[in-house]
Amino acid sequence: MIDLDLLRKEPTKVEENLARRKNPVYVRLLAEVRQQDELWRASLRTSDELRRRRNDLSRRIGESRAEGTPSAEIEAEAKTIPDALRAAEAQETELLHARDALLKRIPNLMDDSVPFGADDSENVVLSTWGRPNADGASLKSHGEVLEGLGMAEFERARRASGAGFYYLRGDVVLLDLALQRFALDLLTQRGFTPVAPPYMLRRAPYEGVTDLADFENVMYKVEGEDLYLIATSEHPLAALYQGEILDEDQLPFRLAGVSPCFRKEIGGHGVDQKGIFRVHQFQKVEQFVFCRPEDSPTILEELRANAEEVFRQLGVPYRVVNVCTGDLGTVAAKKYDIEAWFPRQQAFREVVSCSNCTDYQARRLGIRLGKAGRPGKLVPHTLNSTAVATSRGLAVILEQFQQPDGSVTIPDVLRPYMGGRSSLARAVAKA
RNA sequence: GCUGAGGUAGCCUAGCCCGGCAAGGCGCCAGCCUUGAAAGCUGGUGGCGUUCGCGCCACGGGAGUUCAAAUCUCCCCCUCAGCGCCA
């Protein structure tokens with residue numbers, strides 16, 4: 001949710017920013033919010049005045065009765081107020097809700113450095129690391145590599161749970177854990193605190209952290225409960241301090257979330273459909289930061305550098321893109337994607353999303369910044385970035401480091417977490 | 001799941017039976033005092049609106065009774081304790 005105060009005081013600035021999205025709906029929405037806000041304020045004055053009158057009369061009734069000189073006139077007037085007030089309040093509440101519903105539909109203000117573009121094809125490449133290997137034709141897809149190793153069950157998973165699910169078995173399970181542990185160690189060395197969050201959230205905090213349209217498309221709901229399976233640990237981490245005042249001297253808070261992620265929407269598949277690239281559940285180590293508003297641009301670069309370091313140490317080529325206006329979504333003010341090189345596909349595919357959400361999430365969650373009991377509260381900024389998601393992180397390792405004999409070389413940095421093993425190979429005895 | 005006790009400002013607490021402007025303490029901020037600090041003293045310390053005078057709201061949430069609700073009635077949520085169940 002954007003700052004209503006800013007919208008009132010500097011509507012032109014807000015309008016110019018929204019106009020950069022080249023979607024006339026948002027500029028129209030802004031005008032509607034401003035108009036609705038005026039109506040609400042007028043209505044609030046009406047009901048405030050009625051309440052003031054009621055309080056005044058009630059006080060006088062109490063006093064006059066105590067003195068033994070009740071006034072029939074005053075008591076008669078007092079009786080007329082509840083009905084009038086009920087009507088005035090109903091109108092005021094309706095106008096307020098209408099205004100807020102419109103306000104919540106306005107996307108975050110974008111950073112000036114966000115490039116204009118219609119969709120992900122117009123994201124701007126900022127840098128490339130490593131040398132993308134050129135011939136993919138002879139390689140297997142990561143799904144084929146897994147099946148060749150006897151380390152995945154896709155058919156049986158479909159029967160048990162449906163498309164988009166998988167069983168992993170054998171050493172690749174250890175590789176999955178190794179990848180998470182490697183990323184987590186890298187982050188804790190850089191000042192992050194590991195957090196294992198709840199894997200389900202109530203609806204109210206969920207509405208604070210995510211775009212409502214996405215919410216309906218993506219979230220699994222637990223039947224009969226006000227609970228939703230998390231789509232990423234970003235969400236419970238953002239909700240960690242909802243309704244609280246953060247001590248400005250303690251910030252920034254650097255958190256490393258570790259959790260499974262559940263997503264309904266898996267969309268279309270391209271080449272090499274079988275596998276774990278787009279699935280309903282995966283593990284993820286996530287960076288999440290609460291910080292002072294002036295620090296968020298610097299911290300966004302820090303999070304990007306951390307995520308790049310994960311893939312550099314693994315030895316996976318990648319590029320960084322600055323996500324354009326059409327692909328940015330409503331919550332982030334600026335977003336980098338890191339796209340790893342998938343040699344079989346001869347394509348860069350998204351493995352990390354790194355966003356500065358400025359004050360948009362924190363305001364919706366009622367998180368403030370300052371000193372308890374001192375005036376002058378600000379709204380902190382929140383940022384999030386993948387460190388590694390082990391569906392896609394695994395997939396790219398399997399594809400990148402596959403050997404002609406079907407085995408997979410384990411990246412050096414993961415070997416300490418794999419009991420020193422240097423490769424994944426097919427087990428001799430078949431289970 | 002059952003029984004009981006609770007939910008009041010950043011924190012802790014009083015008020016609730018018996019309806020009438022939410023009292024006090026801690027913490028924090030500012031001023032006074034001081035070489036400096038502490039202590040002490042004074043004031044401030046939530047949200048919304050505002051014509052900047054002030055007004056309204058806020059006692060877990062909602063509804064009801066009433067001229068008037070922290071207080072009475074009903075529904076719901078949450079926390080804690082004990083019991084039950086349990087990897």
Side-chain angles (χ1 to χ4, degrees), chain A residues 1-9 11 33-104 196 198-208 222-228 236 239-251 253 259-260 290 292 359 362-380:
Chain A
M1 184 163 63
I2 69 168
D3 184 1
L4 183 62
D5 205 45
L6 180 71
L7 192 151
R8 284 172 181 163
K9 286 178 180 157
V33 170
R34 295 186 65 202
Q35 187 191 354
Q36 205 70 23
D37 186 45
E38 290 297 333
L39 290 173
W40 169 72
R41 283 192 279 179
S43 180
L44 180 66
R45 280 193 289 278
T46 305
S47 45
D48 269 3
E49 179 55 29
L50 276 167
R51 276 189 289 260
R52 192 197 60 75
R53 185 67 182 158
R54 179 195 64 191
N55 293 345
D56 184 47
L57 293 173
S58 295
R59 205 171 298 130
R60 282 156 65 187
I61 288 170
E63 283 165 6
S64 61
R65 286 189 184 178
E67 287 163 13
T69 56
S71 159
E73 204 177 319
I74 292 174
E75 298 199 13
E77 186 188 347
K79 280 187 195 297
T80 67
I81 294 200
D83 281 343
L85 186 58
R86 223 185 309 276
E89 282 180 338
Q91 191 201 32
E92 185 230 307
T93 307
E94 192 183 322
L95 288 168
L96 180 66
H97 287 164
R99 182 199 75 184
D100 287 348
L102 291 169
L103 184 63
K104 280 189 176 175
Y199 302 157
M200 301 176 216
L201 278 187
R202 294 190 175 134
R203 176 149 195 149
Y206 237 113
E207 290 187 349
V222 178
E223 195 177 348
E225 304 277 344
D226 176 26
L227 287 171
Y228 297 81
L240 177 60
Y241 297 114
Q242 68 168 314
E244 294 192 42
I245 298 171
L246 305 183
D247 186 332
E248 58 191 8
D249 297 335
Q250 305 287 316
L251 295 184
F253 293 154
S259 81
F290 292 94
R292 304 167 65 104
D359 58 6
R363 180 169 294 105
R364 281 187 166 193
L365 287 163
I367 303 171
R368 288 172 298 161
L369 170 65
K371 280 289 189 183
R374 193 204 295 170
K377 302 290 187 303
L378 297 169
V379 178

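All chains are named by letter (A, B, ...) in the order of the sequence lines, taking the proteins before the strands, and each is independently numbered beginning at 1. Keep in mind that this is a model prediction, so the values were computed, not measured.
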Worksheet item: Along nucleotides 47-52 of chain B, 5' to 3', which nucleotides get a B, which get an S, and which get a -, given that the test is a protein heavy-atom distance under 4.0 Å?
Response: SSSS--

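- Taking the C1' atoms as reference points, B:C26 lies 26 Å from B:C78, given to the whole Å.
- Both distances falling under 3.5 Å, in either a Watson-Crick or a G-U wobble arrangement, occur for no nucleotide opposite B:C59.
- A:Ile245 places its CD1 atom 13 Å from the C1' atom of B:G27, with the value rounded to the nearest Å.
- With salt bridges taken as basic N to acidic carboxylate O contacts below 4.0 Å, none links A:Asp37 and A:Arg34.
- As a whole-Å value, the separation of A:Arg52 CZ from B:C56 P is 7 Å.
- In plain terms, the two heavy atoms of A:Ile81 and A:Leu50 that are nearest each other are CG2-O, 4.1 Å.
- Using atom P as the reference point in both B:A69 and B:G19, the two lie 13 Å apart (nearest Å).
- Separation of the P atoms belonging to B:A30 and B:A81 is 39 Å when rounded to the nearest angstrom.
- Counting all heavy atoms, side chain and backbone alike, A:Pro380 lies closest to A:Leu246 at CG-CD1, 4.2 Å.
- With salt bridges taken as basic N to acidic carboxylate O contacts below 4.0 Å, none links A:Arg53 and A:Glu49.
- As rounded to the nearest Å, B:U50 and B:U13 have P atoms that lie 38 Å from one another.
- Using a 4.0 Å cut-off between a side-chain N of Lys or Arg and a carboxylate O of Asp or Glu, A:Asp100 and A:Lys104 do not qualify as a salt bridge.
- Pairing for B:G64 goes to B:C72, judged as Watson-Crick or G-U wobble with the two contacts each under 3.5 Å.
- Both distances falling under 3.5 Å, in either a Watson-Crick or a G-U wobble arrangement, place B:C11 opposite B:G25.
- Across the protein-nucleic acid pair, A:Glu92 atom CD and B:C57 atom C1' stand 10 Å apart, rounded to whole Å.
- Side-chain N or O atoms of A:Ser58 include one that pairs as donor or acceptor with a backbone N or O of A:Arg54 at under 3.5 Å.
- Taking atom P in both B:G49 and B:G44, the straight-line distance is 24 Å, to the nearest Å.
- Here, B:A38 and B:C29 have their P atoms 10 Å apart, quoted to the whole Å.
- Base pairing of B:G49 is made with B:C54, judged by Watson-Crick or G-U wobble geometry with both donor-acceptor distances under 3.5 Å.
- For the C1' atoms, the distance linking B:C59 with B:G53 amounts to 29 Å, nearest Å.
- As judged by a 4.0 angstrom heavy-atom cut-off over every strand, A:Arg53 is placed among residues making no nucleic acid contact.
- Spacing between B:U45 and B:G10 at atom P, rounded to whole Å, works out to 13 Å.
- Within the nucleic acid shown, A:Arg65 comes within 4.0 Å of at least one base atom, counting heavy atoms only.
- By the 30° and 60° cut-offs, the orientation of the rings of A:Tyr241 relative to A:Phe253 is tilted.
- The partner of B:C18, taking Watson-Crick or G-U wobble pairs whose two distances both stay under 3.5 Å, does not exist in any strand shown.
- The separation between A:Glu63 atom CD and B:G19 atom P is 18 Å, rounded to whole Å.
- When Watson-Crick and G-U wobble pairs are counted only if both distances are under 3.5 Å, B:C41 pairs with B:G31.
- For the pair A:Ile61 CD1 and B:A69 C1', the interatomic distance rounds to 15 Å; values are reported in whole Å.
- The distance from atom CD of A:Glu77 to atom C1' of B:A68 is 14 Å, rounded to the nearest whole Å.
- Using a 4.0 Å cut-off between charged nitrogen and carboxylate oxygen, A:Arg51 and A:Asp48 count as a salt-bridge pair.
- Nucleotide B:C80 is matched to B:G4 when pairs are restricted to Watson-Crick or G-U wobble geometry with both distances under 3.5 angstrom.
- B:G53 takes the syn form, because its glycosidic angle lies no more than 90° either side of 0.
- Under 4.0 Å is where a charged nitrogen must lie from a carboxylate oxygen, and between A:Glu63 and A:Arg60 no such pair does.
- The distance from atom CD of A:Glu49 to atom P of B:C54 is 16 Å, rounded to the nearest whole Å.
- One can place CG of A:Asn55 at 13 Å from C1' of B:A58, the figure rounded to the nearest angstrom.
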